[in-house]
> 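Okay, handing you the structure first.
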Amino acid sequence: MAIKIFTDSGTDYEQYEIKEKNIDVLPIPIEIDGHEYLSGLNLSKNEFFQMLENGCSFPKTAQPSPQVYIDYFEEAKKNGDDVIAIIISGSLSGMVQTVFMCRDTVGYENVYVIDSVNATAGQRLLVDNAVRLRDEGKTAKEIYEATEALKKRIRLYATFPTLKYLVKGGRLSHFEATAAAIARIKPVISINGDGEVYVCHKGVGIKHSIEYMAQMVAEEQIDENYPVFPIYSGDPVNCKIMLEKIANKGIVIGEDKMRNIGPTIGTYVGVGATGIVYVKK
């Protein structure tokens with residue numbers, strides 16, 4: 001009997017991290033120019049952003065087959081293992097609903113399904129904390145309850161230099177993007193408690209938007225009991241600017257903390273996006 005921590009490649013882990021943390025990560029299929037890739041396995045982050053910059057067709061993500069979840073839960077049931085499944089936000093993907101359905105199909109009550117209401121570093125933060133609790137000897141129920149409580153305290157702010165990928169992905173109209181481009185508007189996005197992405201600020205130029213994010217970090221304050229993840233997509237230059245602005249407010253976060261995001265979210269923000277994920281005090 002063991003506690004298995006199960007998640008998806010929306011967490012953007014590297015393969016060596018998956019082994020170190022002893023977790024199971026299901027890769028999300030992504031189709032580019034007629035070829036299907038598995039995020040994190042046969043498509044690296046750098047390769048993905050190179051394809052995006054070179055004008056590939058708009059990437060399309062897909063859900064893994066439900067049978068994959070059913071087989072995983074059946075194996076856990078046979079071995080008497082508990083499963084903590086931390087899944088990409090239900091507002092971004094239908095994957096979490098599929099996982100709930102597959103758990104019910106297997107009929108195994110020791111599968112604890114958690115809608116992370118996050119993606120990329122926010123989802124990763126929850127998984128990292130679940131790993132820590134597991135290694136401290138907490139029960140699956142305790143890990144589940146702690147994760148449900150923690151996800152409400154996660155903060156994410158992000159901005160990006162271009163809106164064209166949001167348009168391609170159907171998340172923004174061409175008219176809205178054109179109007180924003182004319183006004184040099186660079187939105188700052190966040191995620192609310194239901195996992196819905198929303199615009200919390202509209203800066204004139206990306207540096208103003210980055211300054212807003214730095215100010216929010218200073219005002220809300222970081223709970224230092226949890227990791228902080230500065231994030232970027234493909235090119236870290238704006239992330240480094242953000243860290244400088246945060247440092248100007250007396251909060252030093254090393255560049256070694258920066259994390260490159262993967263295709264799941266990178267598809268919609270393009271190259272050059274930056275953001276920060278942390279737990280609010």
> Output every pair passing ring pair (Phe, Tyr, Trp, His ring centres under 6.0 Å) with a member in residues 22-44, not counting sequence neighbours, ordered by first then second residue.
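The answer is none; no pair qualifies.
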> With salt bridge (Lys or Arg N to Asp or Glu O under 4.0 Å) as the rule and sequence neighbours excluded, what pairs involving residues 92-119 come up?
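As it turns out, there is no salt bridge (Lys or Arg N to Asp or Glu O under 4.0 Å) pair with a partner in residues 92-119 once direct neighbours are skipped.
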> Scan residues 24-46 for pairs that pass salt bridge (Lys or Arg N to Asp or Glu O under 4.0 Å), counting only residues two or more places apart or in two chains.
Lys4-Asp24, Glu14-Lys45
> Got a sec, which residues hit salt bridge (charged side-chain N to carboxylate O under 4.0 Å, His left out) with Glu220, two or more places apart in sequence or on another chain?
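Counting only residues at least two positions away or on another chain, Glu220 forms a salt bridge (charged side-chain N to carboxylate O under 4.0 Å, His left out) with Arg155.
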> Mind checking what makes salt bridge (charged side-chain N to carboxylate O under 4.0 Å, His left out) contact with Asp128, not counting sequence neighbours?
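If we apply the salt bridge (charged side-chain N to carboxylate O under 4.0 Å, His left out) test to Asp128, skipping adjacent residues, the hits are Lys21, Arg124.
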> Tell me, which pairs form a salt bridge (Lys or Arg N to Asp or Glu O under 4.0 Å) where one or both residues lie in residues 133-143, sequence neighbours left out?
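Residue pairs with at least one partner in residues 133-143: Arg132-Glu136.
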> Would you please name every residue forming a side chain to side chain donor-acceptor pair (under 3.5 Å) with Thr120, sequence neighbours left out?
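With sequence neighbours excluded, Thr120 shows a side chain to side chain donor-acceptor pair (under 3.5 Å) to Asp12, given in chain and number order.
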> Listed by chain and number, what are the ring pair (Phe, Tyr, Trp, His ring centres under 6.0 Å) partners of Tyr144, not counting sequence neighbours?
Tyr112
> Residues two or more places apart in sequence or in another chain: which of them pass ring pair (Phe, Tyr, Trp, His ring centres under 6.0 Å) with Phe49?
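Testing Phe49 for ring pair (Phe, Tyr, Trp, His ring centres under 6.0 Å), a comparison that skips the adjacent residues, returns none.
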> Residues in ring pair (Phe, Tyr, Trp, His ring centres under 6.0 Å) with Phe6, at least two apart?
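Partners of Phe6 by the ring pair (Phe, Tyr, Trp, His ring centres under 6.0 Å) criterion, ordered by chain and then number, come out as Tyr72.
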> With sequence neighbours left out, write down each residue that passes salt bridge (charged side-chain N to carboxylate O under 4.0 Å, His left out) with Lys249, or none if nothing qualifies.
Glu211
> For Glu145, which residues count as a salt bridge (charged side-chain N to carboxylate O under 4.0 Å, His left out) partner, sequence neighbours excluded?
none
